[in-house]
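The structure displayed is predicted, hence computed values, not measured ones. Letters A, B, ... are given to chains in the order of the sequence lines, protein chains preceding strands, and every chain is numbered from 1.
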Amino acid sequence: MKDFYHFKEVEEKWQQRWEAEGVFKAEDDSDKEKYYVLEMFPYPSGNLHMGHVRVYSIGDVIARYKKMQGFNVLHPMGWDAFGLPAENAAIQHGIHPAEWTWSNIDIMRKQLKRLGISYDWDREVNTAAPDYYKWTQWFFLQMYKKGLAYKKKSAVNWCPDCETVLANEQVIYNRCERCDAEVEEKELEQWFFRITEYAERLLKDHDLLENWPEKVKIMQKNWIGRSEGLRIKFPVKDSDQVIEVFTTRPDTIYGATYMVLAPEHPLVEKFIKGTEKEEEVNNFIKEVRKQKEMERTSPESEKQGIFTGAYAVNPMTGEDIPIMIANYVLMGYGTGAIMAVPAHDQRDMDFALKYDLPIKVVIQPAGQEGTLTVEDLEGEAYTEDGVLVNSGDYNGLTVAEAFEKMAEDMEEKGIGRREVNYRLRDWLISRQRYWGTPIPIIYCDQCGIVPVPEEDLPVVLPETLDFQPGGKLSLAQVEDFVNTECPICGAKAKREADTMDTFVDSSWYFLRYVDPHNEELPFTKEAADKWFPVDQYIGGIEHAILHLLYARFFTKVIADLDMTDEVEPFRNWLAQGMVLKDGAKMSKSKGNVVDPNEIIDKYGADTARLFILFAAPPEKDLEWSDAGVEGAERFLNRVWRLVAENITELRGKAVQKIDMAALGKPEKELYQQLNVCIKRVTGDLETRMNFNTAISAIMELSNAAYHYLNVTKEADNELLKVVVDNMLLLLSPFAPHMTAELWEHLGHEGFIHEQAWPGYEEEALKQDELTIVVQINGKVRDRVEVSAGIDEAGLREVVLAREKVQEHVVGKEIIKFIVIPKKLVNIVVK
RNA sequence: GCGAAGGUGGCGGAAUUGGCAGACGCGCUAGACUUAGGAUCUAGUGGGUAUUCCCGUGCGGGUUCGACUCCCGCCUUUCGCACCA
């Protein structure tokens, strides 16, 4: 055999054999316990990048480890294939989006196979294929039936560059998440999913996700933004109108000295129509509407407002309070109107000071009732806990008590009622783009909105597309597509020309893998019961809100359709860190991109995988280092040579149980190190997911084996074989090709990845001799070798007899003698 | 401003339950082998002129026989949220 790891031939050989023998197929009819490991599927951009190499390497280690542990492993791969880049390529280069996408998929599939990832390629899914998006459309129809998909006209976010609307989740600092263009507001009629109906469950079921990063749960929680409060009616003076507000602080209502409506509030017009204020107020509203959402919603920007001329009545105090309009109140949250309590809300305070509105203190720090005045506040609202004052019968109650009492009283009087509000909005899914799943809806003049009958699915994207390079792609321009017949009355009708947000496609793909070829259903309940949920999901934290919230929502909807009993798709999620170069994210514009293809050409897949797993724990960012890659290569070659240089001694012999009693001292130590290594690697893979320390443990074992061969004239070849065999088994999830080849060279039958994961012998971990650290007053002064069975008195005797200990102890009083069994003693002297 | 996670040698990182700080790797130094070495092997490698001593895990306190680890205060980096009533 060669004296170095010639990765080119070896890696190709094993990839071909794995494929030819179909060794990574998940078995639908196995009795073995299932394990479903999934990495987020990629968008087929045409190029694998290092982030992909990282996430798929992590997934592969888990998949191969679980397989060796005896699980029936489902480890599938697919393509998130709809999306804008395909259209942009079409516009720029005149290539059809499908052609562009399909050829990218071919390229990336080859790249993944070159990495040797253990996928069951028979289950490959492609969200842009009709046999997949048929079921995306089917889910849309189920949701339409349940009222979870609906159409409404509302102010939506419009990206002028992408020429489409965006979901709230896709707008970051008022910019398009994709192209960074500034988002505009448009009034459009669009399709929504009623995700708000699931807000409570999405929050509550975080409890089921024990192995999610806490940070991500908090991000989702903030995004959902639950707040408990009261909806309170404020009658308008000299009118039969009523303004409803939502507040989380009903306890401060006695301090409500004015009200504010959002400029878009429908009542505004009624208040000002025909009054002397009309023109002034309308001008103000026009000004505010010109402001960007960003300006309006930043706490730093100046609050602007105007008096409407109308008054409301505070329902608790009976006082008249002015009704204002201001830019800091948003129509989209709560009722679009607030009661303003300047003494106890900083925003209201800022506004009240600017427009000279009254301020009334109604909460005081506990124990200091009656001492806090408006002057004391000095423009800072008091928002801490406290006790009510100036609040009639409620004086003396705490904030929490007052909340309860007021809620009860107001509900009784019909002034208000308890309400929970969410920051989460419904999910806007319409996109004015071509390359997406068509929304299966038909508009008929007679029958209105008509869902496409299920038997007519899929609504196929028309392939022949007449587009001009530089122009925009849209289904609306394809007349054969748009013009159709009403499924109910047969009259001429028009199809919906918008497609769905691609996040819809990726919100259920993990369920298609369980039954990927089903033509009757997206999947059977039987298949879902067998495989679902995903036991371990792996992917980037950038999807913390978008994809992961939507996927959780879809899973709950699907559970409500009784297609699965599982309400959470990903019980465990490993959020892997980014791959950096020179401290920055790799990007073309920075010119710091490392191309996986070049790395695999130069070092091979096993080396690339080993480095990327070794350089940092998976959840942390990883700094790319060419020197580090060479280190990984060196280690693999060290293992290769350990086998190659001793191949005649190691080949063919049956692995026998080692008789520890017969081992000499260096042999016993080596055998012990093997068992320690097995224990550490298993623990690192099983519970900690720390691949870097698992690899370092294997490196230590390899070093120990070399050291043993160096110091021993007559090596114990049986022991050496056991060590090498097990080392290869432990290393095989990380470096599958090289270990497969060595396994074969050693004369074993069968694939290495189909062997049982090694277990360790508890007996072999035990040491006869221990090194005990001796501290005096907490400082390490000596080390002693003692037999493992020594008792405390014996240990004390040995330790005190030591010369170095004597030096520090003589003439002093021993106050304490602390013994930490098998590790350390600490002698406290004075 | 609010919330979360970090800060350990020249570098990436380790220390799993409060018990030897720096495992493993990179880099570096010296040596061996060699026509050659950017291959391989051996030894060394936190700092302080140091085999025995002292100092050392962002800074300052504290708890403890003992603290990278726990507590209090501060500095700093990264990420998330940010007029949500």
Whole-Å distance, A:Asp684 CG to B:rG13 C1', equals 14 Å
Would you kindly compare A:Thr247 and A:Ala697 by the position of their nearest RNA chain B nucleotide and give the one closer to the 5′ end? A:Ala697
Syn or anti for B:rU49, with syn set at within 90° of 0? syn
Say we look at B:rU78 and B:rG60: how far apart would their P atoms be, to the nearest angstrom? 23 Å
To the nearest Å, how far apart are A:Leu636 CG and B:rA39 P? 16 Å
What is the base-pairing partner of B:rG46, counting Watson-Crick and G-U wobble geometry with both distances under 3.5 Å? B:rC55
Rounded distance (nearest 0.5 Å) linking atom CE of A:Met738 with atom CZ of A:Phe7: 13.0 Å
Rounded distance (nearest 0.5 Å) linking atom CD1 of A:Ile827 with atom CD1 of A:Ile776: 5.0 Å
Classify the nucleic acid contact of A:Val341 as base, sugar-phosphate or nothing, counting any heavy atom under 4.0 Å across all strands shown. nothing
Please state how far atom CZ in A:Arg634 lies from atom P in B:rU42, giving the value in whole angstrom units. 13 Å
Hey, does A:Asp348 reach any base, or is it just sugar-phosphate, or nothing, if we go heavy atoms under 4.0 Å? nothing
If I pick the C1' atom on B:rG18 and the same atom on B:rU64, what distance separates them, to the nearest angstrom? 9 Å
Phosphate OP1/OP2 of B:rC65: any A:Lys816 side-chain N/O under 4.0 Å: yes
Tested for side-chain contact (heavy atoms from CB on, under 4.5 Å) against A:Tyr254, the lone hit among A:Leu388, A:Val362, A:Ile363 is A:Val362
Measuring from A:Lys217:NZ to A:Met219:CE, what's the distance to the nearest 0.5 Å? 14.0 Å
Any strand, both distances under 3.5 Å, Watson-Crick or G-U wobble: B:rA32 pairs with B:rU40
Does the distance from a Lys or Arg side-chain N to an Asp or Glu carboxylate O, for A:Glu807 and A:Arg781, drop under 4.0 Å? no
A:Thr693 has a side chain; which of B:rA85, B:rC41, B:rA15 sits nearest to it? B:rA15
Scanning both residues in full, the closest heavy-atom pair of A:Ile359 with A:Ala352 reads CG1-CB, 4.2 Å
For the side chain of A:Asn826, counting heavy atoms from C-beta on, which of B:rG25, B:rG66, B:rA85 is nearest? B:rG66
Aromatic rings A:Phe351 and A:Tyr328: how do their planes relate, parallel, tilted or perpendicular, breaks at 30° and 60°? tilted
Mind listing the closest non-hydrogen atom pair of A:Asp621 and A:Ala616 along with its distance? O-CB, 3.9 Å
Need one value for A:Gln775: base, sugar-phosphate or nothing, where a base atom within 4.0 Å counts as base even if backbone is also close, heavy atoms only. base
Expected label for B:rG31 (glycosidic angle, syn inside 90° of 0, else anti) would be anti
Of the candidates B:rA85, B:rU16, B:rA4, the side chain of A:Thr248 sits closest to B:rA85
Integer angstrom distance from the P of B:rA39 to that of B:rU49: 33 Å
With heavy atoms under 4.0 Å as the rule, sort A:Gly225 into base, sugar-phosphate or nothing. nothing
Has A:Arg680 got a side-chain N or O lying under 4.0 Å from the OP1 or OP2 atom of B:rC24? no
Taking only side-chain nitrogens and oxygens of A:Arg781, does any of them come within less than 4.0 Å of OP1 or OP2 of B:rC53? yes
So does A:Arg688 get a side-chain nitrogen or oxygen closer than 4.0 Å to the phosphate oxygens (OP1/OP2) of B:rA15? yes
Taking the side chain of A:Tyr333 as its heavy atoms from C-beta onward, which of B:rG25, B:rC20, B:rA85 lies nearest to it? B:rA85
Sorted by number, the residues of residues 612-625 of chain A with heavy-atom contact under 4.0 Å to RNA chain B: A:Phe614, A:Ala615, A:Pro617, A:Asp621
Do the ring planes of A:Trp212 and A:His206 sit parallel (below 30°), tilted (30 to 60°) or perpendicular (above 60°)? tilted
Atom CG of A:Asp626 to atom P of B:rG38: distance rounded to whole Å? 18 Å
Could you please name the option among B:rC41, B:rC54, B:rA23 that lies closest to any side-chain atom of A:Lys779? B:rC54
Below 4.0 angstrom from OP1 or OP2 of B:rG80, is there any side-chain N or O of A:Asn222? no
Of the nucleotides B:rG19, B:rA15, B:rA85, which has the atom closest to the A:Ser227 side chain? B:rA85
Tell me whether the side-chain N or O atoms of A:Lys303 pair up with the base of B:rC83 as donor and acceptor below 3.5 Å, since no angle test is needed here. yes
Send over the distance from A:His808 NE2 to B:rC65 C1', rounded to a whole Å. 16 Å
If you only use heavy atoms from C-beta on, which nucleotide in B:rA85, B:rG19, B:rC20 is closest to the side chain of A:Val773? B:rC20
Who is the Watson-Crick or G-U wobble partner of B:rC70, with both distances under 3.5 Å? B:rG62
Please report the distance separating the P of B:rG56 from the corresponding atom of B:rA21, rounded so that it comes out in whole Å. 12 Å
Protein-nucleotide distance (A:Lys221, atom NZ; B:rA4, atom C1'), rounded to Å: 13 Å
Taking any heavy-atom pair under 4.0 Å as a contact, classify A:Val828: base, sugar-phosphate, or nothing. sugar-phosphate
State the pairing partner of B:rG1; accept Watson-Crick or G-U wobble contacts with both distances under 3.5 Å, and report none otherwise. B:rC81
Side-chain contact check for A:Arg638: nearest option of B:rC41, B:rG3, B:rA23 is B:rC41
Partner nucleotide, any strand, of B:rC26 [Watson-Crick/G-U, under 3.5 Å]: B:rG10
Rounded to whole angstrom units, what separation is found between the CG atom of A:Leu824 and the P atom of B:rC65? 15 Å
Given B:rU42, B:rC20, B:rA85, identify the nucleotide with an atom nearest to the side chain of A:Ile338. B:rA85
Looking at every heavy atom in both A:Ser625 and A:Phe611, which two are closest together, and how far apart are they? N-CZ, 3.7 Å
Expressed in angstrom and rounded to an integer, what is the separation of A:Ile545 atom CD1 from B:rG80 atom P? 10 Å
Can you tell me if A:Asn692 touches the phosphate of B:rA14, counting only side-chain N or O atoms and a distance under 4.0 Å to OP1 or OP2? yes
Base-pairing assignment for B:rC20 (Watson-Crick or G-U wobble, both under 3.5 Å): none
Distance check, P atoms only: B:rG13 and B:rG3, in whole angstrom units. 28 Å
